[in-house]
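Below is one structure, written out as structure tokens; the observations come after it.
Here is the naming used below: chain letters follow the sequence lines, and residue numbers restart at 1 for every chain.
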Amino acid sequence: MQKHNIKKLQENLLFWYEKNGRKSLPWRNLKSLKCDERLKDIDKAYGVYISEIMLQQTQVKSVLERFYFPFLAKFPNLFTLAEAKEEELLKAWQGLGYYSRVRNLKKAALECIEKFGGILPKEPEKLKKLSGIGAYTAGAIACFAYDQKVAFVDGNIRRVLSRLFALKNANMKELESKAYQILNLNDAFNHNQALLDIGALVCLPKNPKCGVCPFYDFCKAKFNPESYPENKKILYEKLNLFLVFIEYKNQIAIKKSQEKLYKGMYNFPLFKESEFKLTKNMKYLGEFKHSYTKYKINVKVYHQILKIKTKDYEFKEFKELKHIPLSILSLKALNLIKF
DNA sequence: TTCCCGTACT
DNA sequence: AGTACGGGAA
């Protein structure tokens, strides 16, 4: 693209952002005049960091309404994060999914204190050394917390660039090169926030709003936007699971996962079809659907009362469960209870 | 490349 | 009910 066209594209983008961007998101106004009252003592880089990790696989709405403020109230800085118990962190993350993110948050806090004196570095290469921070998040923190003139590519920006330059299946290196080509060095912060918003609000996967897009004049995909980028198919698998409320003296069996799946989180005893044996003392409570990754799961739920305690599980009172990090799958099962 | 998790959309 | 979606790690 020619130099003057790039300049025009950058101007169009910032003009659109001024009018239509999500400019009041709390993590975009840390340490500014418009800073949310609840965040006035939150370090800017820390607040940006937490927002970026939460937003990695989650909708803005959910982060904004349910997780961002409560998490920062409990863990207001890197040091509280570093000292926090894993279980408390997981509890604060309950429902967000991808729980390794919050375990990495604590790990990275310790690494940051060890390596960088407890201050998040401003260089993407240093940020990338921290657990859970990859190329995108490193760039986003550098730019949004420290105004560094860096370009980076997330899922939204990937779609915007793929269409703008008509790239069906560009790799990360090509996309980053394109992102640098159009990067506005005079206002990287607003430029990058605007790109994210174009991806989230205009350049949608389905039915993009090309008519209001500030890139329209320059977009190589404007007549067939949905052809870019080429989408990959997910092969779903059906899975039948069996969950048992095992009761002993008004206590209920739970187990902490040691596997990659739900690591550190608790679940009620959960069995694959091959491991499950229906016994006469089990009562059927109902079933529900759940899904993660490529699995479409149907969970059948049973209740069993034990005469002798087993060492396979921890037993807790119902009222204790509200302090324990439980997967959404287990919480859904809890809804079926009426015994 | 595949696995994490859960929600949103149709 | 079926499908799409997403950063980082292994």
Within the structure shown, what part of the strands sits under 4.0 Å from A:Ile234 by heavy-atom distance: base, sugar-phosphate, or nothing? base
Of A:Arg101 and A:Lys260, whose nearest nucleotide on DNA chain C comes first from the 5' end? A:Arg101
Would you say A:Arg159 reaches C:dG6's phosphate, i.e. side-chain N/O to OP1/OP2 under 4.0 Å? yes
Between A:Gln10 and A:His191, a side-chain donor and acceptor under 3.5 Å: no
Heavy atoms only, 4.0 Å cut-off, all strands: where does A:Tyr262 land among base, sugar-phosphate and nothing? sugar-phosphate
Which nucleotide in B:dC4, C:dG8, B:dG6 has an atom nearest any side-chain atom of A:Tyr136: C:dG8
Under 4.0 Å between a side-chain N or O of A:Tyr99 and OP1 or OP2 of B:dG6? yes
Within the modelled atom types, does a donor on one side and an acceptor on the other bring the side chain of A:Tyr236 and the base of C:dA4 under 3.5 Å apart? yes
Can you tell me how far C1' in C:dA4 sits from the matching atom in B:dC5, rounded to whole Å? 14 Å
Between P of C:dA4 and CG of A:Asn207, the distance in whole Å: 15 Å
A:Ile157 CD1 - C:dC5 C1' separation (whole Å): 16 Å
Within the 4.0 Å heavy-atom criterion, would you say A:Thr58 contacts the bases, only the backbone, or no part of the nucleic acid? nothing
Looking for any heavy atom pair under 4.0 Å, which part of the strands does A:Lys294 touch: base, sugar-phosphate only, or nothing? sugar-phosphate
Whole angstrom is fine here: how far is it from CD1 in A:Ile328 over to C1' in B:dA8? 15 Å
In whole Å, measure the gap between the C1' atoms of C:dG6 and B:dC3 for me. 13 Å
Residue A:Lys296, side-chain atoms from C-beta onward, closest of B:dC5, B:dG6, C:dT3: C:dT3
Looking only at the side chain of A:Asn231 (C-beta and beyond, no hydrogens), which of the listed nucleotides C:dA1, C:dC5, B:dT7 gets closest? C:dC5
Once you round it to whole Å, what is the distance between P of C:dC5 and CD of A:Glu230? 13 Å
Could you tell me whether the side chain of A:Gln57 has a donor or acceptor atom within less than 3.5 Å of a complementary atom in the base of C:dG7? yes
Mind checking the P distance from C:dG8 to B:dT7? Whole angstroms is fine. 22 Å
Indicate whether OP1 or OP2 belonging to B:dC5 is found under 4.0 Å from a side-chain N or O atom of A:His290. no
Quick one: label A:Tyr98 by what it contacts on the DNA or RNA (base, sugar-phosphate, nothing), any heavy atom closer than 4.0 Å. base
It should be established whether A:Thr137 places a side-chain nitrogen or oxygen under 4.0 Å from OP1 or OP2 of nucleotide C:dG8. yes
Can a side-chain donor-acceptor contact be found between A:Glu52 and A:Tyr136 if the only test is distance below 3.5 angstrom? yes
Whole-Å gap separating P (B:dC4) and CG (A:Asn267): 13 Å
Distance below 4.0 Å between A:Lys61 side-chain N/O and B:dA8 OP1 or OP2: no
Calculate the interatomic distance between A:Gln94 atom CD and B:dC4 atom C1'; express it in whole Å. 17 Å
Whole-Å distance between C:dA9 C1' and A:Arg103 CZ? 11 Å
Assign A:Ile133 to base, sugar-phosphate, or nothing according to its heavy-atom contacts below 4.0 angstrom with the strands shown. sugar-phosphate
Would you check if there is a donor-acceptor pair between the side chains of A:Tyr284 and A:Glu287 at a distance under 3.5 Å? yes
Is a donor from one side chain sitting under 3.5 angstrom from an acceptor on the other, for A:Asn156 and A:Arg159? yes
Below 30° counts as parallel, above 60° as perpendicular, anything between as tilted: where do the rings of A:Phe276 and A:Phe271 land? tilted
Hydrogens and angles aside, do A:Lys332 and A:His290 bring a side-chain donor and acceptor to less than 3.5 Å of each other? yes
Would you kindly check if the NZ (Lys) or CZ (Arg) of A:Lys222 is within the cone defined by 45 degrees around the ring axis of A:Tyr216 and under 6.0 Å from the six-membered ring centre? yes
Nearest to the side chain of A:Asn104, which nucleotide is it out of C:dA9, C:dC5, C:dA4? C:dA9
Over all strands shown, is A:Lys238 touching base, sugar-phosphate only, or nothing at heavy-atom distances under 4.0 angstrom? sugar-phosphate
Mind calculating the distance between NZ (A:Lys129) and P (C:dA9) to the nearest angstrom? 13 Å
Establish, with yes or no, whether the OP1 or OP2 oxygen of C:dA4 is under 4.0 angstrom from a side-chain nitrogen or oxygen of A:Lys206. no
